[in-house]
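In what follows, chains are A, B, ... by sequence order, proteins preceding strands, each numbered from 1.
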Number of protein chains: 2
Amino acid sequence: MVRIKDIAKAANVSTATVSYVINERGNISSDTRKKVLKVIKELNYQPNNVAKSLKINKTNTIGVVVEDITVFSSPEIINGINESADENGLSILLTNLRVHRRIGNNFGEFDKCRTDVKAAVEELVSRQVDGIIYVGVHNRDLTGLIELDKPVVFSYCSSRTENQFSVNYDDELAAFEATNYLIGLGHQKIALISGLIDSIPAHGRFLGYYKALVSHNLEFNPEYVKTGDWEYLSGYTMAKELLSVKNRPTAILAMNDLMAGGVFEACRESGVRVPEDLSVIGFDNRECSFYFTPRLTTVNLPLNEIGMKSMEILVGAIRKSDIPETDVKLKCNLVERESVMEYSTVR
Amino acid sequence: MVRIKDIAKAANVSTATVSYVINERGNISSDTRKKVLKVIKELNYQPNNVAKSLKINKTNTIGVVVEDITVFSSPEIINGINESADENGLSILLTNLRVHRRIGNNFGEFDKCRTDVKAAVEELVSRQVDGIIYVGVHNRDLTGLIELDKPVVFSYCSSRTENQFSVNYDDELAAFEATNYLIGLGHQKIALISGLIDSIPAHGRFLGYYKALVSHNLEFNPEYVKTGDWEYLSGYTMAKELLSVKNRPTAILAMNDLMAGGVFEACRESGVRVPEDLSVIGFDNRECSFYFTPRLTTVNLPLNEIGMKSMEILVGAIRKSDIPETDVKLKCNLVERESVMEYSTVR
DNA sequence: CTGAAAGCGCTTACAG
DNA sequence: CTGAAAGCGCTTACAG
């Protein structure tokens, strides 16, 4: 390995001079600069960034701890984080908690993982990261999970701690718009298949649905609201119930694509045509939603944007260049496909 | 920030002693150990691993450069890498090339990305990683892409360079077994929808298909082999052609799930029932394959295992503990669902 | 415009 | 069993 010292000797200058030309700092005469650069190339010098980091007390490294990289939302978020990291010349130290394998969807058992989080953060800190992004697998309150005197941003989850930031998308607005879309198409009897109602997203989406109805003076019918558990099967079961309600809804908003898939299966079994007899909207825009029959109209999540925004906020907090927002909500967009139809043509 | 020096002073010992107790090395009397440990806890000392890395010339960090984290295979592979990294006390420095966004599936244009790879590797080297894992988005020959005097393993792609390793799955065996499965169920007229034939996976899968036929003395009918481009639409188009062949096949092996999805759509349009009239097997076991109607029988890829194995090989090469295999091929497994039926019951 | 020297926070032969 | 000291590869006031 060739060091700055070797360059200095070969170029007949001091190590300080070499360092200056590498970092393009100080006043170095064009002649010595050229000489040094030449030697650097000849000896194929590769700087040692860990030595530099130790000296300047800054690693230009961000710790990213992701709850589970195999959950559908994580890769896109990380992709966004990477994009912004590249733009800012930052590297990513990645820790994957793999919580899904340990506790599945039972987030009540998340306590089991808290020590893992502590350990992960400690490891990252010992490696002197400049800040941390914590990527959740769904939005929930994680206040107190991480205590650190460096900036940390919670991506797809939340924390209210000082010097900590949260980036999510706007569930309520998304559900509001999806419901409005249905109403705009003439639907008045719009059912909702909810996920587990103790979750922040389910709550927000319900509110959006409700407010859309109210804002159009449509009656809120509790019979039209069914609570599933985010899984395919519950969508199926709840759809069966909705289909047998006396005043059957003409549209269903499912709180995720999987449950919408279950709705499709129920309809197939019951001879209900989608979208001719029933319009269906999903949520998440997962890959599978494109391959459903018919292709599912659904709400696309700004995952990449969440990642980018998270990194931008973190960079702002680290460089103290601006005061970042503490609680960002990004906008979703509806992707129109083939599972929705105007009400006028129904029946 | 509290340093070893501070601990030493507070505990009235030398920094050497503190270092010894932290690293559980040398002979330290139980008394001084306790004393030091106590002070460490009191002052909440956090070791600085970048200083340590500089000194011991070893970072316990692996560079992972992934061509595109949003491609379906990447998260699982990275998950496996993480799992093994955890077991070995290693950290991951992640670089995401995001090639998909730049060149899509036109891997002929991959040359555009070579400089990115060089830059990524250089960055990783400057951060003194102990080795590198390069995660491709499909198996192809990447010999010469990375020149490095540290061990590097190619995950889901290949390199024949000295001191470099490759980990993939066994395409040929997987296709062989899938075809055998169909044959065992009584099918004799088995069609193949291939991906672009210039790719290593397509070649291997074709061979497996071919060898299975031959080993059962079944005629190889070139009319039964169609070449698609891995996309949904080509599966649809090729299936249309296969369905109109005079001696229509009773089963189709599609080289990926997306094309199998296209087959389903063609069947739906043509009134061909799956699996009653036609059995279909896919490849990849992507999430969507579970949500197809009917659920697709497909070949599951040992992605997590590829990640783990890659890391294990890298660790072996770094520690020189054993001589790792240079070209590993892991076994796939068939996941039986609802798109295949015995031939006897056909028609 | 350039160099000598201190120091970032650790580890580790070596001496005692 | 413990400590003094050198050194890992850099950067950066400071002096000249």
Side-chain angles (χ1 to χ4, degrees), chain A residues 1-40 43-61 89 91 122-130, chain B residues 1-40 43-61 89 91 122-130:
Chain A
M1 129 155 289
V2 21
R3 301 147 302 168
I4 267 196
K5 199 194 292 184
D6 304 313
I7 304 297
K9 188 179 292 179
N12 238 309
V13 297
S14 73
T15 60
T17 302
V18 177
S19 175
Y20 288 140
V21 346
I22 289 172
N23 294 301
E24 296 175 352
R25 190 182 289 235
N27 273 350
I28 304 289
S29 75
S30 157
D31 274 3
T32 56
R33 182 196 322 285
K34 274 182 201 148
K35 187 170 56 176
V36 169
L37 255 15
K38 184 153 161 278
V39 175
I40 283 178
L43 299 194
N44 188 29
Y45 168 71
Q46 312 264 33
N48 181 331
N49 261 324
V50 351
K52 176 171 182 170
S53 294
L54 175 60
K55 180 60 192 171
I56 68 176
N57 195 27
K58 191 159 169 318
T59 54
N60 285 320
T61 303
S91 290
E122 213 162 85
E123 174 68 28
L124 258 13
V125 166
S126 83
R127 286 170 185 272
Q128 311 298 117
V129 295
D130 299 331
Chain B
M1 130 157 286
V2 22
R3 302 147 302 167
I4 266 194
K5 200 195 288 184
D6 304 312
I7 305 297
K9 189 179 290 179
N12 236 310
V13 297
S14 72
T15 60
T17 301
V18 177
S19 174
Y20 289 140
V21 346
I22 289 172
N23 294 300
E24 296 176 351
R25 193 182 286 234
N27 276 349
I28 303 288
S29 74
S30 157
D31 274 4
T32 56
R33 183 198 321 286
K34 274 182 201 146
K35 186 171 56 178
V36 169
L37 255 15
K38 184 153 161 281
V39 175
I40 285 179
L43 299 193
N44 188 27
Y45 168 71
Q46 311 264 35
N48 181 330
N49 261 324
V50 351
K52 176 170 182 172
S53 293
L54 175 60
K55 180 61 191 170
I56 68 175
N57 195 27
K58 192 159 169 316
T59 54
N60 286 319
T61 302
S91 290
E122 213 161 85
E123 174 68 27
L124 258 12
V125 166
S126 83
R127 286 170 186 272
Q128 312 299 116
V129 294
D130 298 331

Apply side chain to side chain contact (heavy atoms under 4.5 Å, CB included) to [X] and list each qualifying residue two or more places apart in sequence or on a separate chain.
{"X": "V125(A)", "result": "V121(A), L148(A)"}
{"X": "T17(B)", "result": "V13(B), S14(B), V21(B), I28(B)"}
{"X": "E122(B)", "result": "Q46(A)"}

I need the [atom1]-[atom2] distance between [X] and [N], as an integer number of Å.
{"X": "M1(B)", "N": "dC8(C)", "atom1": "CE", "atom2": "P", "value": "12 Å"}
{"X": "K9(A)", "N": "dC10(D)", "atom1": "NZ", "atom2": "P", "value": "14 Å"}
{"X": "N57(A)", "N": "dG9(C)", "atom1": "CG", "atom2": "P", "value": "7 Å"}
{"X": "D31(A)", "N": "dC1(C)", "atom1": "CG", "atom2": "P", "value": "11 Å"}
{"X": "I22(A)", "N": "dG9(D)", "atom1": "CD1", "atom2": "P", "value": "14 Å"}
{"X": "R127(A)", "N": "dC10(C)", "atom1": "CZ", "atom2": "P", "value": "14 Å"}
{"X": "K58(B)", "N": "dC10(C)", "atom1": "NZ", "atom2": "P", "value": "18 Å"}
{"X": "K55(A)", "N": "dG9(C)", "atom1": "NZ", "atom2": "P", "value": "9 Å"}

message: Pick the closest DNA chain C nucleotide for T15(A) and for R33(A) by heavy atoms, then say which residue is nearer the 5' end.
response: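 So the residue in question is R33(A).
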Between protein and nucleic acid, restricted to nucleotides 13-16 of chain C and to nitrogen or oxygen atoms under 3.5 Å apart, what atom pairs and distances do you find?
| unit_1 | atom_1 | unit_2 | atom_2 | d |
| --- | --- | --- | --- | --- |
| dA13(C) | N6 | Y20(B) | OH | 2.8 |

Watson-Crick or G-U pairs under 3.5 Å in DNA chain D, rendered as dot-bracket with [ ] for crossing pairs and | for another strand: |||.||||||||.|||
Of all residues at least two apart in sequence or in a different chain, which pass the side chain to side chain donor-acceptor pair (under 3.5 Å) check with [X]?
{"X": "K52(B)", "answer": "N23(B)"}
{"X": "D6(A)", "answer": "R3(A)"}
{"X": "S53(B)", "answer": "none"}
{"X": "T15(B)", "answer": "none"}

Those residues that, when tested against K5(B), pass salt bridge (charged side-chain N to carboxylate O under 4.0 Å, His left out) (two or more places apart):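 With neighbours one apart ignored, the set is empty.
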message: Could you work out, with salt bridge (charged side-chain N to carboxylate O under 4.0 Å, His left out) as the rule, every residue matching K58(B), not counting sequence neighbours?
response: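 With sequence neighbours excluded, K58(B) shows a salt bridge (charged side-chain N to carboxylate O under 4.0 Å, His left out) to no residue whatsoever.
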message: Using a 4.0 Å cut-off on heavy atoms, which residues in residues 43-52 of chain B reach DNA chain D? List them by number, or say none.
response: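 Of all residues in residues 43-52 of chain B, none places a heavy atom under 4.0 Å from DNA chain D.
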N or O in side chain of [X] less than 4.0 angstrom from [N] OP1/OP2:
{"X": "N27(A)", "N": "dT2(C)", "value": "no"}
{"X": "T32(B)", "N": "dT2(D)", "value": "yes"}
{"X": "T17(B)", "N": "dG3(D)", "value": "yes"}

query: Mapping I28(B) and I56(B) onto DNA chain D by nearest heavy atom, which one lands closer to the 5' end?
result: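 That would be I28(B).
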Side chain proximity check, [X] to [Y], heavy atoms < 4.5 angstrom:
{"X": "V18(B)", "Y": "Y45(B)", "answer": "no"}
{"X": "L54(B)", "Y": "N48(A)", "answer": "yes"}
{"X": "V2(B)", "Y": "N44(B)", "answer": "no"}

- request: Report the nucleotide, chosen from dT11(C), dG9(D), dT2(D), that has the shortest atom-to-atom distance to any side-chain atom of L54(B).
  value: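 In terms of side-chain proximity for L54(B), the closest of dT11(C), dG9(D), dT2(D) is dG9(D).
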task: Mind checking S19(A) for me? I need base, sugar-phosphate or nothing, with any heavy atom below 4.0 Å counting as a touch.
output: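 Contact class for S19(A): base.
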